[in-house]
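Handing you a structure now.
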Amino acid sequence: MSHTSRRAVLLGAGALAALPASGWSFERDGNRKVLVFAGNQGVPVLDPHVRYDWSTRMIQQSVYDGLLKYVGAPPRIIPWLAERYEESADGLTYTFHLVGNAKFHNGDPLDAEAVRFSFERGLKLNAGIAWMLKDFLKPENIVAVDPRTVRFTLDRPFAPFISYVPWWYIVNPKQVAANTVDGDNGRRWLTENAAGSGPFKLRRFDGNTLIHLDTVPDYWKGWPMGEANRLSGVIYRLLREAAPRRAALQRREIDFGTNFSPDDLEQMARLPGVAIENHAGFTTFGIKFNCQQGPTADINLRKAIAHAFDYESLITIHNGGARLMDSPFPTGMAGHVSVPDMPRKDLEKARVFLARSRVPNGDIELEYVHVQGLEDARRIGLALLDSLRALNIRVNIVGQPWTTMVARGSKPDTAPNMTSVYVTPVGTDPDTVAYQYHRDSWGLYYGMSHYENPEVWAMIAEARGMVDQTRRMAIYAEVQRRIVADQPELFGMIANRTWARRDYVKDFEFSPIRFTGEVDLYPLWIQG
């Protein structure tokens with residue numbers, strides 16, 4: 001079969017797993033190469049100011065640019081659209097100086113007004129990324145001083161400000177205005193379209209099947225691999241189950257993939273031409289309890305479950321590529337402390353807490369929901385099921401698409417009893433983790449526990465606005481202890497971040513700030 005035939009299959013609705021074995025390599029578009037990446041998660045909303053998760057972020061980062069960007073491990077922030085910035089001595093004013101050559105895909109210049117508009121839009125929509133800045137920055141306090149200078153004046157000092165700036169992508173105000181319907185600020189149009197300046201532009205967008213990106217030949221930042229090696233584009237292929245992804249990589253029908261089980265990775269590592277990426281990261285895995293509705297609203301039941309669980313199973317499932325959490329904050333995060341009373345398996349304690357609960361004899365069934373196609377999360381569900389037999393508690397393990405799971409978890413009355421969630425901090429400041437336990441995070445994927453403690457909420461809010469770092473870290477230490485005491489989730493582990501790729505894919509760069517399966521597509525190229 002020719003490369004053209006392969007493309008027809010890739011762009012159609014047929015499953016890659018149904019293809020016969022072959023010696024195909026990468027896809028071609030004329031004399032250039034197309035990288036095919038496979039993941040288990042769709043991209044239902046592309047709008048950079050409305051939604052973010054790993055697959056969405058990967059596409060957003062490809063078609064949009066930010067003022068700053070996270071790169072490397074340990075993560076560092078580098079200039080991007082802004083060539084430099086200054087902070088006032090009082091911590092209230094930040095002035096960004098833009099590069100002079102950035103332009104949107106339609107040719108419009110990317111200037112300070114576009115930056116001002118984009119931050120204003122994000123704040124006014126009050127969705128997705130808005131939580132990062134809305135308590136400290138008002139839209140009217142963002143000023144385009146001149147075409148290459150934009151100034152932000154905060155209501156009060158906000159220590160994490162710079163750590164959040166890389167996640168605010170810049171959209172073209174003219175395109176948004178031209179596609180605004182009924183005052184929606186372009187929200188409907190930007191769900192499946194882009195108005196960006198990034199290294200890629202959309203050729204085809206079907207968020208539940210396939211996304212095809214073309215490289216921008218004259219991208220303002222240039223191409224690190226050089227013009228000769230620049231890709232023609234990238235195809236993101238949605239394959240929800242791990243087995244088809246593994247088979248497709250083995251048969252060279254895809255070039256890069258994510259969300260493989262540790263066993264799959266171990267087997268593929270022995271195959272010629274396959275390279276495994278395995279990196280220690282910041283991404284935590286926890287089982288979020290519904291703290292408002294159903295049996296798990298009972299703190300004693302939550303503690304019983306937490307003390308009955310076999311934590312060593314997490315290490316076993318990941319073939320040793322994980323470390324247990326000793327705090328709600330990941331190890332290595334600023335402000336992290338090891339909490340002395342972090343639960344571990346202790347059936348005697350588990351039975352004591354169960355006896356104090358509203359179901360002292362157990363005899364209930366709890367639902368455990370995981371992302372469909374995530375084999376590790378499914379196996380963790382089996383370990384949970386096995387652990388809770390000792391408490392006479394049954395577990396119904398349910399795999400659902402990411403979007404369905406998040407929609408269910410957005411409200412206490414529809415959230416499952418227990419939901420497995422991987423969470424990657426979006427920055428290096430402890431606020432990025434602490435704020436997941438604030439009331440304002442209810443409805444977001446990391447807030448599916450609907451945790452309630454007004455005192456903790458107040459402490460989190462206070463720490464956000466403090467300049468004194470010693471006092472800030474003392475507050476975060478207490479926040480961690482209080483959260484563990486309230487047990488809004490079963491605190492699990494920090495698993496290594498893993499991908500599998502064909503060895504002709506070059507210049508992959510890991511950064512722990514990127515989400516679980518997310519890859520920065522910009523530096524990638526194909527050799528051969």
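All heavy atoms count here, side chains included; hydrogens, waters and symmetry mates do not. No experiment lies behind these values; they were computed from the predicted model shown.
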Legend entry - Identified salt bridge (Lys or Arg N to Asp or Glu O under 4.0 Å) partner of D214 from the options R204, R203, R230: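 Between D214 and the candidates, salt bridge (Lys or Arg N to Asp or Glu O under 4.0 Å) is satisfied uniquely by R203.
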Inset, instruction - Check the side chains of Y437 and E489 for a donor-acceptor pair under 3.5 angstrom, ignoring hydrogens and angles. - result: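 Yes, because at least one side-chain N or O of E489 sits under 3.5 Å from a partner of the opposite role on Y437.
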Inset, instruction - Applying salt bridge (charged side-chain N to carboxylate O under 4.0 Å, His left out), name anything that partners D47, two or more places apart in sequence or on another chain. - result: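 Partners of D47 by the salt bridge (charged side-chain N to carboxylate O under 4.0 Å, His left out) criterion, ordered by chain and then number, come out as R121.
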Inset, instruction - Please check if any side-chain donor atom of N179 sits under 3.5 Å from a side-chain acceptor atom of N193, or the reverse. - result: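 No, no side-chain donor-acceptor pair sits under 3.5 Å.
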Legend entry - Residue K69 excluded, over 12 heavy atoms near NZ under 6.0 Å: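 Atom NZ in K69 is crowded, with more than 12 foreign heavy atoms closer than 6.0 Å.
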Inset, instruction - Could you tell me whether W189 and F205 have their ring centroids closer than 6.0 angstrom? - result: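 Between W189 and F205, the centre distance exceeds or equals 6.0 Å.
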Inset, instruction - Return yes if some donor-acceptor pair links the side-chain N/O of T149 with the main-chain N/O of V145 below 3.5 Å, else return no. - result: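 Judged by distance alone, no pair lies under 3.5 Å.
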Legend entry - W223 side-chain N/O to V216 backbone N/O, donor-acceptor pair under 3.5 Å: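 A pair under 3.5 Å: yes.
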Inset, instruction - Assess the side chains of E87 and Y94: does a donor N or O sit below 3.5 Å from an acceptor N or O? - result: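 A donor-acceptor contact under 3.5 Å links the two side chains.
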Inset, instruction - List the steps, then state whether salt bridge (charged side-chain N to carboxylate O under 4.0 Å, His left out) holds for D264 with R245. - result: CA-CA 10 Å; D264 285 344; R245 287 196 301 278; over 6 Å; no
Legend entry - D255 vs R502, salt bridge (charged side-chain N to carboxylate O under 4.0 Å, His left out): CA-CA, chis, key distance, verdict: CA-CA 5 Å; D255 309 305; R502 301 302 306 191; over 6 Å; no
Legend entry - Partner residues of Q400 under the side chain to side chain contact (heavy atoms under 4.5 Å, CB included) criterion, sequence neighbours left out: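 Expected list: V369, V398, T404, M405, R408.
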Legend entry - Plane angle bin for F161 and F96 - parallel if under 30°, tilted between 30 and 60°, otherwise perpendicular: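 Tilted.
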Legend entry - Ring geometry between H450 and W442 (parallel below 30°, tilted from 30 to 60°, perpendicular above 60°):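 W442 and H450: perpendicular rings.
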Inset, instruction - Check side chain to side chain contact (heavy atoms under 4.5 Å, CB included) between E120 and all other residues, then give those that pass, not counting sequence neighbours. - result: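 With sequence neighbours excluded, E120 shows a side chain to side chain contact (heavy atoms under 4.5 Å, CB included) to R116, F117, K124, P139, given in chain and number order.
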Legend entry - Between Y169 and D65: side-chain donor-acceptor atoms closer than 3.5 Å: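 Not at all, the side chains of Y169 and D65 share no donor-acceptor pair under 3.5 Å.
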Legend entry - Atom NZ of K506: over 12 foreign heavy atoms under 6.0 Å: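 Counting neighbours around NZ of K506, more than 12 heavy atoms of other residues, nucleotides or ligands fall under 6.0 Å, so yes.
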Legend entry - Pairs satisfying side chain to side chain donor-acceptor pair (under 3.5 Å), at least one member in residues 419-432, at least two apart: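 Non-adjacent pairs meeting side chain to side chain donor-acceptor pair (under 3.5 Å): Y164-D431, T283-T424, D429-R472, D431-R464.
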Inset, instruction - Check side chain to side chain contact (heavy atoms under 4.5 Å, CB included) between R378 and all other residues, then give those that pass, not counting sequence neighbours. - result: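 H370, E375, L382.
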Inset, instruction - Please work out which of the three classes, parallel, tilted or perpendicular, describes the rings of H279 and F508, given edges at 30° and 60°. - result: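 Judged by the thresholds at 30° and 60°, the geometry between F508 and H279 is tilted.
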Legend entry - By salt bridge (charged side-chain N to carboxylate O under 4.0 Å, His left out) - contacts of E83 (at least two apart):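 E83 satisfies salt bridge (charged side-chain N to carboxylate O under 4.0 Å, His left out) with R148 only.
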Inset, instruction - Inspect the surroundings of OH in Y85 and state if more than 12 heavy atoms from other residues, nucleotides or ligands are less than 6.0 Å away. - result: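 Count not over threshold, so no.
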